[in-house]
Amino acid sequence: MTQTSDNVTWLTQEAYDQLKNELEYLSGPARIEIAKKIEAAREEGDLRENGGYHAAKEEQGKQELRVRQLTQLLQHAKVGETPPDDGVVEPGMVVTIAFDGDPDDTTTFLLASREYATGEIETYSPQSPLGIGVSGKKVGDNAEYELPNGRTATVKILEAKPYKG
C-alpha cells in the first residue's frame, strides 16, 4: 500500500519487501534468463528476420525499464505501518462506496498505488479523482469527485478496512 507525496512513496513493510524481491529477481536471475534467450536467438542466424531475437530484446527492454522504476521507487520509499482500522479512508484501505447514495450501486476497491495492484481487487490510486475525493473521509460521509466530463459525482463511504493482502 502506498501514498505518494513530494516524490516520497509510503509503503507497508509487506509492500516494500514484495517490491524489493521483485527487483532482486529482475536484477539477477531474470537478467541471466533473458541474456540466454537473446544468445540462443542470435545463434539462429540473420537477426533482421529473427522474430525470437527481436521479441527477446523487447522483453529485455521492458524488464530493464521495470528495474529502473523499482529502483527509483524503493530509493524514495518510506516504510510505515498498515493503516489503523478506524474507518477513515487512506491509502492501504479497502473501501466500499455507494454511488449517489444508492445502496444497490456499490463498488469495493483498494486505495493504493498501481505498484500494489493485484488481480484480486480493483485498485484506485490515491491521486485519482475518486481517490482524492474519498481520502480522509469516514464511514458514513459523502465524498465528491470530478468525472472526466467535468461533472461532479457523489459517493457515500460504506466501509473502510485495512487491506490484509
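These figures come from a predicted structure and were not determined experimentally.
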Separation between CG (Leu147) and CG (Leu130), nearest 0.5 Å, reads 9.5 Å
Residues 50-63 vs salt bridge (Lys or Arg N to Asp or Glu O under 4.0 Å), sequence neighbours excluded, gives Lys37-Glu59, Glu58-Lys62
Tightest non-hydrogen contact, residues Ala143 and Ile157, listed as CB-CD1, 4.5 Å
CD1 (Ile132) and OH (Tyr145) are apart, to the nearest 0.5 Å, by 12.5 Å
Nearest heavy-atom approach of Ala112 to Thr123 is O-CG2, 3.4 Å
Please output the side-chain donor-acceptor pairs of residues 133-140 that fall under 3.5 Å, not counting sequence neighbours, one pair per line with the distance.
| from | atom 1 | to | atom 2 | distance (Å) |
| --- | --- | --- | --- | --- |
| Ser135 | OG | Gly131 | O | 2.7 |

What one should report as the nearest heavy-atom pair of Val95 and Ile97 is CG1-CG2, 3.8 Å
Separation between CG (Leu65) and CD (Gln60), nearest 0.5 Å, reads 12.5 Å
By side chain to side chain contact (heavy atoms under 4.5 Å, CB included), Asp105 pairs with (sequence neighbours left out) Phe99, Asp102
Those residues at least two apart in sequence (or on a different chain) that pass side chain to side chain contact (heavy atoms under 4.5 Å, CB included) with Asp85 are Lys161, Pro162
Shortest non-hydrogen pair, Arg66 vs Leu26, comes out as CG-CD1, 3.5 Å
Separation between CD (Gln69) and CG (Leu19), nearest 0.5 Å, reads 11.0 Å
Residues at least two apart in sequence or cross-chain that pass side chain to side chain contact (heavy atoms under 4.5 Å, CB included) with Asn21, listed by chain then number, are Glu24
One should read off an interatomic distance between Tyr53 OH and Glu43 CD, to the nearest 0.5 angstrom, of 12.5 Å
dist Glu22:CD -> Leu73:CG (nearest 0.5 Å) comes out at 10.0 Å
Item checked: Salt-bridge contact Arg42-Glu39 (side-chain N to carboxylate O under 4.0 Å) -> yes
Practice item. Using modelled atom types only, decide if a donor and an acceptor are shared between the side chain of Asn50 and the backbone of Ala41 within a distance under 3.5 Å. Key: yes
Contacts of Leu158 meeting side chain to side chain contact (heavy atoms under 4.5 Å, CB included) (sequence neighbours excluded), chain-then-number -> Thr96, Ala98, Thr106, Lys156
>> Please check: side-chain N/O of Ser128 versus main-chain N/O of Tyr124, any donor-acceptor pairing under 3.5 Å?
In response: no
Item checked: Derivation of the side-chain contact (heavy atoms from CB on, under 4.5 Å) call for Leu70 and Lys20 -> CA-CA 8 Å; Leu70 288 171; Lys20 189 167 175 33; over 6 Å; no
Point to revise | Stepwise side-chain contact (heavy atoms from CB on, under 4.5 Å) test for Thr108 and Val94 | key: CA-CA 7 Å; Thr108 299; Val94 175; 3.5 Å; yes
- Task: Would you confirm whether Glu144, through its side chain, and Thr152, through its main-chain N or O, come within 3.5 Å as a donor-acceptor pair?
- Result: no
Practice problem: Say whether Tyr25 and Glu33, considering side chains only, have a donor N or O and an acceptor N or O under 3.5 Å apart. | Solution: yes
